[in-house]
Amino acid sequence: MAKPSYNTPLGMVDILPDETPMWRTLEQIIHEEAAKFNFQEIRTPILEPTELIKRGVGQLTDIVTKEIFAFQKGDTHYVLRPELTAPVVRSYVQHHLDQRGGVQKLYYIGPMFRAERPQKGRQRQFHQFGLEVIGSADPVADIETIAFMMQIYERIGIKNFTLKLNSVGDPESRERYKNVLKEYLEPYRTQLSELSQQRLDKNPMRILDSKEPEDQKFIDKAPIIQDYLNEDSALHFEQVKNGLNMLGISYILDPYLVRGMDYYTRTAFELSSPDLGSQDALAGGGRYDLLVEEIGGKPTPAVGFAAGMERLLIACEELNISLTDSTKLDVYVVSLGNAARQWALGYLPILRAHGMSASMDYSGRSMKAQMKEANRELARFTLIVGEQELQDEQFVLRDMEQSTETKGSLDELVSLLTKPLS
RNA sequence: GAGCCCGUAGCUCAGUCGGUUAGAGCGCCAGGUUGUGGCCCUGGAGGCCGUGGGUUCAAUUCCCAUCGGGCUCCCCA
């Protein structure tokens, strides 16, 4: 029998110490920008009731029909959350956040789960950041949501992308449009892809999103929703576009952008990048004015987006953008002999109390090996301690970048260390 | 759910038209410098050639299966 061997589950990865710095940098950027926009962080459980996701995301969506990790404990059915809009709204309703007054401006960062075949830019556990503005129907909310999303990419330096924008209308506009669309497509029913034939009955607008070649010629000539928006929705869309124009955020109008979640109303948008390969969506979102009520709250308008963090990092790699801040070690204490080693162990806390990062050999190795390790850890200084130094209370501080050494008392050397480095 | 590709050292990859002890670069460890890193030199450790079966005198190499991984379609972050 072979040695036991364990791996991460399919489509899930370990984020190793080489990679965590860029994740932390990205997370920090998100937190900082969210603070500038006055958004507050929300954290919700990894598990949610199956019913919430089914109702929230939509029974017929791909996410619900084939991508959910579901399990049961006793009589309770759970899923690993596949997205966070429905859970955040659940939390909003559960904790009566509407009673706090004003508009809730929430953001989140965390892992999501979808049981798909993994490929580039697609994992079964992946990470999203996003935000939800709950309680405002005003176009300003849509505009700020998109502006925040763009600000993250702007700050990181990703500029090669396309922002697609559409309005999928309010229920009234949408109902009218659906009927028109259905009427238009019905004569071609048998010529549509198999999938789209099913959509024709259940959710005809999703046909617009189809990438099946046989559907394309019908989509190209299909009526567009803009012509069927009622006055309110048309005005809302105009105001969103005007706001984006004013902010200098460029976009292209895509009347066939529908998106995969059922809850979207009015504004829908998607950010895609040519640097990602096949899975090219960096982020997407829109308005969901019906979801809060659908989940059990009062009718409450809302808008939000979600962005894929792995995809953002892939784009960074393609563009040679480094998010890795070089975290250096301030002092590595090199010790020779047992007495010196004990002394070093006792001295580390003092260095740390001065605000420095400090480390030492954990293996009882030679001086040369310790110097090599100090070098590998990118130590700025080594403090060299042997029997002689302990006796004379004169220590050697080696600047590893300059390759220079200073001899002196601990007080003298520490004052050197705590001076701002050039 | 379907298709294509790939599994040889920690990593990136050679190689074997089937034939004794399977290689390189990088990395790791040690020595060259009995108290000094990065460069250089020398040496060392580290592989059941993914796993199981078949063909064969002989399989890491050929065949089959299986497991693992990557990419693609659909759809999404």
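This one's a predicted model, so the numbers in the text were calculated from it and none came from an experiment. Naming convention: chains lettered A, B, ... in sequence-line order (proteins, then strands); numbering from 1 in each chain.
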Discussion item. Using a heavy-atom cut-off of 4.0 Å across all strands, would you classify Glu116(A) as base, sugar-phosphate, or nothing?
Written reply: base
Item to complete: Using the salt bridge (charged side-chain N to carboxylate O under 4.0 Å, His left out) rule, collect all pairs that involve residues 182-193 of chain A, keeping only residues at least two apart or in two chains.
Response: Glu186(A)-Arg189(A), Arg189(A)-Asp201(A)
Practice prompt. Return the value, rounded to whole Å, for the distance between atom CD1 of Ile314(A) and atom C1' of A77(B).
Written response: 10 Å
Fill in: Runs of at least three Watson-Crick or G-U pairs with RNA chain B, cut-off 3.5 Å
B:1-7 with B:67-73, B:10-13 with B:23-26, B:28-32 with B:40-44, B:50-54 with B:62-66
Discussion item. Tell me every residue that passes side chain to side chain contact (heavy atoms under 4.5 Å, CB included) with Val292(A), counting only those two or more places apart in sequence or in another chain.
Written reply: Val89(A), Tyr92(A), Val93(A), Ile134(A), Thr300(A)
Worksheet item: Quick one: is C75(B) close enough that its OP1 or OP2 comes under 4.0 Å of any side-chain N or O from Arg117(A)?
Response: no
Worksheet item: C17(B) and U61(B): how far apart are their C1' atoms, nearest whole angstrom?
Response: 10 Å
Worksheet item: Whole-Å distance between U72(B) P and Gln123(A) CD?
Response: 13 Å
Response to the item:
Walking RNA chain B from its 5' end, the first of Lys120(A) and Glu401(A) to be reached, judged by nearest nucleotide, is Glu401(A)
Worksheet item: Please give, in whole Å, the distance from G70(B) C1' to Arg122(A) CZ?
Response: 14 Å
Item to complete: Using the C1' atoms only, state how far G32(B) lies from C39(B), rounded to an integer number of Å.
Response: 14 Å
Worksheet item: Nearest-Å distance, CD (Gln402(A)) to P (U36(B))?
Response: 21 Å
Worksheet entry | Interatomic distance, Glu83(A) CD vs C75(B) C1' [rounded to whole Å] | 15 Å
Discussion item. Minimum heavy-atom separation for Tyr108(A) and Leu131(A), please, with both atom names.
Written reply: CE2-N, 4.0 Å
Practice prompt. Within residues 387-400 of chain A, find the residues that approach RNA chain B with a heavy atom at under 4.0 Å, and present them sorted by residue number.
Written response: Gln388(A), Glu389(A), Arg398(A), Met400(A)
Worksheet item: Roughly how many Å is it from CD in Gln125(A) to P in A77(B), rounded to a whole number?
Response: 17 Å
Discussion item. So that I know where these two stand, are Tyr288(A) and Tyr263(A) an aromatic pair - ring centroids less than 6.0 Å apart?
Written reply: yes
Worksheet item: For Ile63(A), which contact category applies under a 4.0 Å heavy-atom criterion: base, sugar-phosphate, or nothing?
Response: nothing
Worksheet, complete the sentence: note: Asn7(A), atom CG; G50(B), atom P; distance rounded to Å ~ 15 Å
Worksheet item: Which is true for Ser403(A) with a 4.0 Å heavy-atom rule: it touches a base, it touches only sugar-phosphate, or it touches nothing?
Response: base
Worksheet item: With sugar-phosphate meaning primed atoms plus P, OP1 and OP2, does Gly121(A) contact a base, only sugar-phosphate, or nothing at under 4.0 Å between heavy atoms?
Response: base
Discussion item. Mind checking if Leu312(A) touches a base, just sugar-phosphate, or nothing, with heavy atoms under 4.0 Å?
Written reply: nothing
Discussion item. Counting neighbours of CD on Gln191(A) that are heavy atoms of other residues, nucleotides or ligands and sit closer than 6.0 Å, is the number greater than 12?
Written reply: yes
Worksheet item: Rounding to a whole Å, what distance do you find between Met112(A):CE and A77(B):P?
Response: 11 Å
Worksheet item: If you look at every strand shown and take non-hydrogen atoms under 4.0 Å, does Ala374(A) touch a base, only sugar-phosphate, or nothing?
Response: nothing
Could you give the side-chain donor-acceptor pairs of residues 347-362 of chain A under 3.5 Å, partners two or more places apart or in another chain?
| from | atom 1 | to | atom 2 | distance (Å) |
| --- | --- | --- | --- | --- |
| Arg352(A) | NE | Ala358(A) | O | 3.3 |
| Arg352(A) | NH2 | Ala358(A) | O | 2.9 |
| His354(A) | ND1 | Ile350(A) | O | 2.9 |
| Ser357(A) | OG | Asp330(A) | N | 2.9 |
| Ser357(A) | OG | Asp330(A) | OD2 | 3.2 |
| Asp361(A) | OD1 | Ser363(A) | N | 3.0 |
| Asp361(A) | OD2 | Ser363(A) | N | 3.4 |
| Asp361(A) | OD2 | Gly364(A) | N | 2.6 |
| Asp361(A) | OD2 | Arg365(A) | N | 3.1 |

Discussion item. Does Asp280(A) reach a base, just sugar-phosphate, or nothing at all? Heavy atoms under 4.0 Å.
Written reply: base
Discussion item. What contact category does Lys368(A) fall into here, base, sugar-phosphate, or nothing, at under 4.0 angstrom with non-hydrogen atoms?
Written reply: base
Discussion item. Under the rule for side chain to side chain contact (heavy atoms under 4.5 Å, CB included), what residues qualify as partners of Glu144(A), not counting sequence neighbours?
Written reply: Phe37(A), Val140(A)
Discussion item. Any base atoms under 4.0 Å from Glu405(A), or only sugar-phosphate, or nothing? Heavy atoms, all strands.
Written reply: base
